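All values below come from the heavy atoms of this structure, side chains included, with hydrogens, waters and symmetry mates left out. Here the structure is a predicted model, which is why all the values come from computation and not from measurement.
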Amino acid sequence: MSEVNLLLNELHPAQVTVLADAKRFNVLCCGRRWGKTTLAEELLLDPDGVMAALTGNPVAYFAPTYKMLMEVWRTLLETCHPIIKRKSEQERRIELHGGGIIDFWSLDDPDSCRGRKYKRAVIDEAAKVMHLKEAWTKVIRPTLTDFKGDAWFLSTPRGKNDYFYDLFKNSELYPEAWAAFQMPTISNPHIDPSEVEAARLQLDPLTFAQEYLASFVTENNNAFCYTYSSEKHNKPTTVNPKLEIKLSFDFNRDPITCLVAQDNGQDIFFIEQIKLQNSNIYDICNVIKAKYGKYLIIVTGDATGRNSSALVHDNLNYFKIIRAQLGLGDRQMRQPVSNPTLVENRVLVNSAFHHLNISIDPVNCKGLIFDLEHAAVLPDGSLDKTDRNDPTKQLDALDCCRYYLNTFFKHILKIT
């Protein structure tokens, strides 16, 4: 057989150190942009080792979702193209000349890989796996038994209340078999230190510690907005006639909620929360016209307000009614196409409350204050709205606040 040269990744020194100090079971906690996915690809191929596909072994790559595994699937298809014997798009399986096999699995359904045998298992973005403990102990670990295979868990951390943190601590309990590595972003020499410093100035301290320092932080019992402080943020506000009135609507519950705010680009004033019992969108618009009709008004809010499912009557959705009732022009309507993801939005909200001067009127915004004090997150990072009859899980005013910040202050997170 003729000689074939593959173009493989060149590892940076921190990645080389991790490989040199590895044991049978390895947990890598690293900062954003450190290069964990590049390391995952190396682990699957490993031309100089005895555990991976290029030396004739069956290996498996696991990701939290099907979408997440596709990047590595496409990369390895290109890298291994000259030596691929057979590939299956449906099974996400690559068979190499020489006997090596690479299987790709989504942990949306970990049971699908039961009965397989692997020399190495690589679990990428492990902290994002919803049921990591069950996936590891009941499914992935047994696949390593026949070949006495090894395993790698790679991820940016997500606090101390998940199984990824428990696995990381195994190096203290079982040092003969488990190794743990904590690698901040800056240990990747290809990342400009000034970019990391810029992120530090933009993010709140806990998010920066988690995402860039690879620290297992405790986020105030999983509070959604852990940088909110009643002493710092609850202050009387008044309308400034020189500033625009910005309205942020939430349409997910009846009655509809509207948060009234003003800002000058750096200082934010949450003036009032409007939520009328036994009312409708027309009643709220009438209240707004009476109080704020003489000001320049800008409208944003819940993206579902523009959907066909939000039609009120005569082919009019909520945003169309608001525009008509308040007599607004195109430039005054800033309704988003889609709502922000809760995981990303949590970073924005906490960074805003940490870096910007935010004042919440303690008399007229009691609902927003209540939500900020009680909103919690689920293990997947989403807001806990599991019981909509529970006032602590309704969070209508907080939703208005999130939509407002996403429309007008998303620029404060210019990070890579």
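Between the side chains of N350 and T227, at least one donor-acceptor pair of N or O atoms lies under 3.5 Å. Side chains of Y226 and T207: a donor-acceptor N/O pair is present below 3.5 angstrom, by distance only. Side chain to side chain, N357 and D267 meet the donor-acceptor criterion of an N or O pair below 3.5 Å. Side-chain contact of D124 with Y61: a donor-acceptor pair under 3.5 Å is present, judged by distance alone. Under the 3.5 Å distance criterion, with hydrogens and angles disregarded, a donor-acceptor pair is assigned to the side chains of E272 and Y292. Between the side chains of S88 and Q90, not a single donor N or O lies within less than 3.5 Å of an accepting N or O.
Y212 contributes atom OH, which lies 9.0 Å from atom CZ of R33 (distance to the nearest 0.5 angstrom). Here R200 contributes atom CZ and E195 contributes atom CD; the two are 14.0 Å apart, rounded to the nearest 0.5 Å. Considering CZ of R346 and CG of L383, their distance stands at 9.0 Å, rounded to 0.5 Å. From C400, atom SG reaches atom CG of D302 across 8.5 Å, with rounding to the nearest 0.5 Å. Atom-to-atom distance recorded for L39:CG and L19:CG is 5.0 Å, nearest 0.5 angstrom. Taken to the nearest 0.5 Å, the CG atom of D283 stands 10.0 Å off from the CG atom of N278.
Using a 30° and 60° split on the angle between ring planes, F408 and Y404 fall in the tilted class, from 30° to 60°. Between Y228 and H233, the ring planes lie parallel to each other; the angle is under 30°, not in the 30° to 60° tilted range. Below 30°, between 30° and 60°, or above 60°: for F216 and F168 the angle between ring planes is between 30° and 60°, a tilted geometry. F251 and Y318 have parallel rings, their planes meeting at less than 30° on a 0 to 90° scale where 60° marks the start of perpendicular.
At distances below 3.5 Å, at least one donor-acceptor pair connects side-chain atoms of N26 with backbone N or O atoms of K23. Side chain of Q332 to backbone of I297: a donor-acceptor contact under 3.5 angstrom is found. No donor-acceptor distance shorter than 3.5 angstrom exists from the side chain of S351 to the backbone of L348, with no hydrogens or angles considered. The backbone N or O of D396 sits nowhere less than 3.5 Å from a side-chain atom of T257 that would complete a donor-acceptor pair. Side-chain atoms of K235 do not come within 3.5 Å of backbone N or O of I360 as any donor-acceptor pair. Under a 3.5 Å cut-off, the side chain of N57 and the backbone N or O of V50 do form a donor-acceptor pair. Of the possible donor and acceptor atoms, one in the side chain of Q15 sits under 3.5 Å from a partner among the backbone N and O of G35. S155 contributes no side-chain N or O that, together with a main-chain N or O of P157, makes up a donor-acceptor pair within less than 3.5 Å. Within the 3.5 Å criterion, the main-chain N or O of C258 finds no donor-acceptor partner in the side chain of Q273. A donor-acceptor pair under 3.5 Å links the side-chain atoms of K119 to the main chain of F147, judged by distance alone.
The two residues K138 and R114 make their nearest non-hydrogen contact at O-NH1, 3.3 Å. The nearest pair of heavy atoms linking A214 to C30 is CB-C, 3.6 Å. Heavy-atom minimum distance, A303 versus P336: CB-O, 3.5 Å. The two atoms that bring K128 and M68 nearest to each other are CD-CE, 3.9 Å, heavy atoms only. In this structure, Y403 and S248 approach most closely via the heavy-atom pair CB-OG, 3.6 Å. The minimum heavy-atom distance between A127 and D162, with the atom names listed, is CB-OD2, 3.9 Å.
The side-chain heavy atoms of L132 and L167, taken from C-beta on, include a pair separated by under 4.5 Å. Residues Q262 and I245 form a side-chain contact, since some pair of their non-hydrogen atoms from C-beta on lies under 4.5 Å apart. Proximity of T38 to E42: side-chain heavy atoms (C-beta onward) are nowhere separated by under 4.5 Å. Side chains of T237 and F270 form no contact here, defined as non-hydrogen atoms less than 4.5 Å apart. A heavy-atom distance below 4.5 Å is found between the side chains of L398 and F224. Looking at V59 and M51, their side chains never come closer than 4.5 Å, going by heavy atoms from C-beta outward. Put simply, the side chain of L259 reaches to within 4.5 Å of the side chain of L368, judged on heavy atoms. Side-chain atoms of V18 and W152, non-hydrogen and from C-beta on, do get closer than 4.5 Å to each other.
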**Asked** Passes salt bridge (Lys or Arg N to Asp or Glu O under 4.0 Å), K36 versus E125? Steps please.
**Response** CA-CA 9 Å; K36 65 176 177 54; E125 298 290 1; 2.7 Å; yes
**Request:** Take V72 and L44 through the test side chain to side chain contact (heavy atoms under 4.5 Å, CB included) and record every step on the way to the result.
**Result:** CA-CA 10 Å; V72 176; L44 293 169; 4.2 Å; yes
**Request:** Could you walk me through whether E211 and T156 pass side chain to side chain contact (heavy atoms under 4.5 Å, CB included), step by step?
**Result:** CA-CA 7 Å; E211 300 296 323; T156 300; 3.8 Å; yes
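Heavy atoms from other residues, nucleotides or ligands lying under 6.0 Å from CG of D111 number more than 12. No more than 12 heavy atoms of other residues, nucleotides or ligands sit less than 6.0 Å from atom CD of E71. The 12-atom threshold is not exceeded at CD of E78, counting heavy atoms of other residues, nucleotides or ligands nearer than 6.0 Å. K117 NZ: 12 or fewer foreign heavy atoms inside a 6.0 Å radius. Summarising the local packing, NZ of K133 is surrounded by 12 or fewer heavy atoms from other residues, nucleotides or ligands at distances under 6.0 Å.
Within the cation-pi definition used here (under 6.0 Å to the ring centroid, within 45° of the axis), R92 qualifies as a partner of W73.
With sequence neighbours excluded, the residues that form a side chain to side chain contact (heavy atoms under 4.5 Å, CB included) with K169 are Y165, E172. By the side chain to side chain contact (heavy atoms under 4.5 Å, CB included) test, A14 is found to be paired with H12, W34, M183, S187, residues two or more places apart in sequence or in another chain being considered.
A salt bridge does not link E95 with K85: none of the charged nitrogens is closer than 4.0 Å to a carboxylate oxygen. In summary, K393 and D387 do not engage in a salt bridge, as defined by a charged side-chain N under 4.0 Å from a carboxylate O. At a threshold of 4.0 Å, the pair R24-D150 does not count as salt-bridged, since none of the basic side-chain nitrogens sits closer than that to a carboxylate oxygen. A salt bridge between D390 and K385 is absent, with no side-chain N of the basic residue lying under 4.0 Å from a carboxylate O of the acidic one.
The side-chain contact (heavy atoms from CB on, under 4.5 Å) test with I284 is passed by exactly one of L276, I321, I322: L276. The side-chain contact (heavy atoms from CB on, under 4.5 Å) test with F208 is passed by exactly one of T185, L203, L201: L203.
Taking the six-membered ring where the residue is Trp, the centroids of W105 and Y66 are separated by 6.0 Å or more. Aromatic rings of F153 and W136 (six-membered ring for Trp) have centroids within the 6.0 Å cut-off, being under it.
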